[in-house]
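Okay, structure first, notes after.
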Amino acid sequence: MQQESGNMKGIRHISDTTILNNGVRMPWFGLGVFQANDGEEVKQSVLSAIKAGYRSIDTAAAYDNELGVGEAIQQCGIPREELFITTKLANPDQGYESALKAFEDSRGKLRLDYIDLYLIHWPVKGKYKESWRAMEKLYGEGRIRAIGVSNFQTHHLQDLMEGSAVVPAVNQVELHPRLSQRELRQFCAEHNIQIEAWSPLMKGQLLDNETIVQLAEKYRKTPTQIILRWDVQSGIVTIPKSVKEARIRENADIFDFELSDTDMEAIDALNLDQRIGPDPDNFDF
């Protein structure tokens with residue numbers, strides 16, 4: 001179901017969805033597979049997630065594990081139309097013709113007839129607009145259900161949308177309580193671009209934060225669950241990564257409680273504009 005912006009407390013199930021700007025439904029919660037090894041490790045993590053109720057899986061050509069993700073999709077026993085599969089265009093493949101080929105390579109590895117969401121992984125200067133033109137073509141042909149970007153700042157989005165036929169459906173960026181991306185989130189909200197968080201747990205660096213720990217005790221949840229609940233209640237699609245079945249299940253146990261407005265504000269106040277990943281404006285692509 002779609003949740004109205006600013007009233008996300010009603011997200012009550014792992015299968016709940018947001019509605020993207022083209023009408024496609026995307027789960028609020030999914031599994032990220034960054035740094036999961038191809039083969040058995042990534043395959044078992046995806047199978048564990050699907051068994052736990054996850055329906056959204058996020059990979060990328062650059063992760064070099066699309067083959068294992070594809071095997072899990074084939075073996076999971078869930079109808080294809082119930083799954084939401086995201087992958088991303090790698091930086092060396094940006095450009096028009098190269099993007100078209102890279103998409104087919106990813107689709108082949110995933111063993112899928114179509115991709116639900118295809119993202120430009122990073123805003124490679126001088127190339128991302130040609131990449132987007134290729135993605136618009138694939139989208140128009142029905143081979144991708146929605147197209148979007150990753151790691152785009154506001155000025156990248158403005159540049160991309162100038163002269164483009166399709167507004168990005170999603171912008172996936174580093175986002176956690178220490179990097180809340182308020183201005184970017186506001187811009188995306190104004191243009192109906194869904195924000196999605198990668199590294200929502202800041203690689204574990206927030207799990208001993210005093211505010212988070214106190215809230216975990218208050219709600220009888222783990223610090224991880226407090227942060228992930230803050231994400232979805234903030235209207236942020238989130239994709240925590242794990243390869244351990246117990247952790248995958250724990251991450252998803254966030255749909256039986258709500259953070260109060262006061263506690264949401266306490267987490268909002270942790271922002272320091274602090275990155276742990278690369279800065280999209282100062283990154284050697």
* Step by step, work out the side-chain contact (heavy atoms from CB on, under 4.5 Å) result for Thr59 and Val46. => CA-CA 10 Å; Thr59 184; Val46 171; over 6 Å; no
* Return yes if some donor-acceptor pair links the side-chain N/O of Glu174 with the main-chain N/O of Ala197 below 3.5 Å, else return no. => no
* To do: To the nearest 0.5 Å, tell me how far His176 NE2 sits from Leu228 CG.
  => 13.0 Å
* **Test item: Asn282 side-chain N/O and Asp279 main-chain N/O as donor-acceptor pair under 3.5 Å** => no
* Asked: Is the closest basic N to carboxylate O distance between Asp16 and Arg12 below 4.0 Å?
  -> no
* To do: Could you walk me through whether Asp116 and Arg80 pass the salt bridge (charged side-chain N to carboxylate O under 4.0 Å, His left out) test, one step at a time?
  => CA-CA 10 Å; Asp116 295 282; Arg80 169 66 184 99; 2.8 Å; yes
* How many angstroms lie between CZ in Arg55 and CD1 in Ile85, if you round to the nearest 0.5 Å? -> 10.5 Å
* Out of curiosity, does Ile11 fall in the hydrophobic cluster containing Val24 (side-chain heavy atoms, cut-off under 4.5 Å, transitive links)? -> yes
* To do: Answer yes or no: are there more than 12 heavy-atom neighbours, outside Glu82 itself, under 6.0 Å from its atom CD?
  => yes
* Is there a side chain to side chain donor-acceptor pair (under 3.5 Å) between Thr18 and Gln194 once you walk through the steps? -> CA-CA 8 Å; Thr18 182; Gln194 175 64 53; 3.2 Å; yes
* Asked: Short question: side chain of Gln74, backbone of Leu112 - any donor-acceptor pair under 3.5 Å?
  -> no
* Can you name the residues that form a side chain to side chain contact (heavy atoms under 4.5 Å, CB included) with Leu47, not counting sequence neighbours? -> Lys43, Gln44, Ala72, Gln75, Cys76
* Asked: Is the backbone of Val166 close enough, under 3.5 Å, to the side chain of Trp132 for a donor and an acceptor to pair up by distance?
  -> yes
* Hey, is the main chain of Leu119 close enough, under 3.5 Å, to the side chain of Gln172 for a donor-acceptor pair? -> no
* Distance-only, no hydrogens or angles: does the His156 side chain make a donor-acceptor pair with backbone N or O of Gln153 under 3.5 Å? -> yes
* Structure fact -> Residues at least two apart in sequence or cross-chain that pass side chain to side chain contact (heavy atoms under 4.5 Å, CB included) with Glu104, listed by chain then number, are Arg107, Arg143
* By ring-ring contact (aromatic ring centres under 6.0 Å, His included) - contacts of Phe84 (at least two apart) -> none
* Would you check if the side chain of Asp64 reaches a backbone N or O of Asn37 as a donor-acceptor pair within less than 3.5 Å? => no
* Structure fact -> Here the gap from Ile226 atom CD1 to Asp263 atom CG, rounded to the nearest 0.5 Å, amounts to 8.0 Å
* To do: Determine, for Glu141 against Lys137, whether the closest basic-nitrogen to carboxylate-oxygen distance falls under 4.0 angstrom.
  => yes
* **By side-chain hydrogen bond (donor to acceptor under 3.5 Å, both in side chains) - contacts of Gln274 (at least two apart)** => none
* Asked: Partners of Asp58 by salt bridge (charged side-chain N to carboxylate O under 4.0 Å, His left out), sequence neighbours excluded?
  -> Lys88
* Asked: So, for Phe283 and Trp122, is the gap between ring centers shorter than 6.0 Å?
  -> yes
* Kindly compute the distance separating CD1 (Ile212) from OG1 (Thr224), expressed to the nearest 0.5 Å. => 10.0 Å
* Asked: Taking only residues at least two apart or on different chains, which pairs with a member in residues 85-112 satisfy ring-ring contact (aromatic ring centres under 6.0 Å, His included)?
  -> Phe103-Tyr118
* To do: Using a strict 4.0 Å threshold on nitrogen-to-oxygen distance, state whether Arg133 and Glu130 make a salt bridge.
  => yes
* According to a 4.5 Å side-chain heavy-atom criterion applied to Ile, Leu, Val, Met, Phe, Trp and Tyr, with indirect links allowed, do Leu160 and Val167 form part of one hydrophobic cluster? -> yes
* To do: Give a yes or no on whether the backbone of Asn271 and the side-chain of Ser180 come within a donor-acceptor separation of less than 3.5 Å.
  => no
* Is there a side-chain contact between Leu67 and Leu110, using heavy atoms and a 4.5 Å cut-off? -> no
* Asked: Can you check whether Glu66 reaches Thr87 side chain to side chain, under 4.5 Å on heavy atoms?
  -> yes
* Indicate, with yes or no, if Ile239 and Ile147 share a hydrophobic cluster defined by side-chain heavy-atom contacts under 4.5 Å among Ile, Leu, Val, Met, Phe, Trp and Tyr. => no
* Mind listing the closest non-hydrogen atom pair of Ala62 and Ala90 along with its distance? => N-CB, 4.3 Å
* Asked: Which heavy-atom pair separates Leu117 from Met26 by the least distance, and what is that distance?
  -> CD2-CE, 3.8 Å
* Under the side chain to side chain donor-acceptor pair (under 3.5 Å) criterion, do Gln181 and Arg185 qualify, and how do the steps go? -> CA-CA 6 Å; Gln181 301 266 28; Arg185 283 160 61 189; over 6 Å; no
* **All pairs passing ring-ring contact (aromatic ring centres under 6.0 Å, His included) where residues 206-252 contributes a residue, at least two apart** => Tyr219-Phe257
* To do: Would you mind telling me which of Gln205, Met202, Arg275 makes a side-chain contact (heavy atoms from CB on, under 4.5 Å) with Arg178?
  => Met202
* Asked: Is any NZ, NE, NH1 or NH2 atom of the basic residue among Lys101 and Asp93 found under 4.0 Å from an Asp or Glu carboxylate oxygen of the other?
  -> no
* Could you pull out the closest heavy-atom pair between Ile193 and Val170, with the gap in Å? => CG2-C, 3.8 Å
* By side-chain hydrogen bond (donor to acceptor under 3.5 Å, both in side chains) - contacts of Ser164 (at least two apart) -> none
* Begin from the C-alpha positions of Trp198 and Asn151 and carry the test side chain to side chain donor-acceptor pair (under 3.5 Å) through to its verdict. => CA-CA 9 Å; Trp198 63 258; Asn151 302 301; 2.8 Å; yes
* Asked: Do His155 and Asp281 pass the side chain to side chain donor-acceptor pair (under 3.5 Å) test, and can you show the C-alpha distance, the side-chain angles, and the key distance before you say yes or no?
  -> CA-CA 10 Å; His155 68 92; Asp281 284 325; 2.8 Å; yes
* Within-4.5 Å side-chain heavy-atom neighbours: Ser199 and Lys241 -> no
* side-chain hydrogen bond (donor to acceptor under 3.5 Å, both in side chains) partners for Thr238, two or more places apart -> none
* Can you list the residues that meet the salt bridge (charged side-chain N to carboxylate O under 4.0 Å, His left out) rule with Asp253, with sequence neighbours excluded? -> Lys221
* Asked: Any sub-3.5 Å donor-acceptor pair from Gln94's side-chain atoms to Asn91's backbone N or O?
  -> no
* To do: Determine, using the 4.5 Å side-chain heavy-atom cutoff (strictly less than), whether Phe29 and Leu20 are members of one ILVMFWY cluster.
  => yes
* Could you tell me whether the side chain of Asn65 and the main chain of Gly68 form a donor-acceptor pair under 3.5 Å? => no
* Structure fact -> By ring-ring contact (aromatic ring centres under 6.0 Å, His included), His121 pairs with (sequence neighbours left out) Tyr63
* Structure fact -> Glu245 meets the side chain to side chain contact (heavy atoms under 4.5 Å, CB included) criterion, sequence neighbours left out, with Ser48, Lys51, Arg249
* Asked: Hey, mind stepping through Met264 and Ser234 against side-chain contact (heavy atoms from CB on, under 4.5 Å) and telling me if it holds?
  -> CA-CA 8 Å; Met264 289 289 289; Ser234 299; 3.3 Å; yes
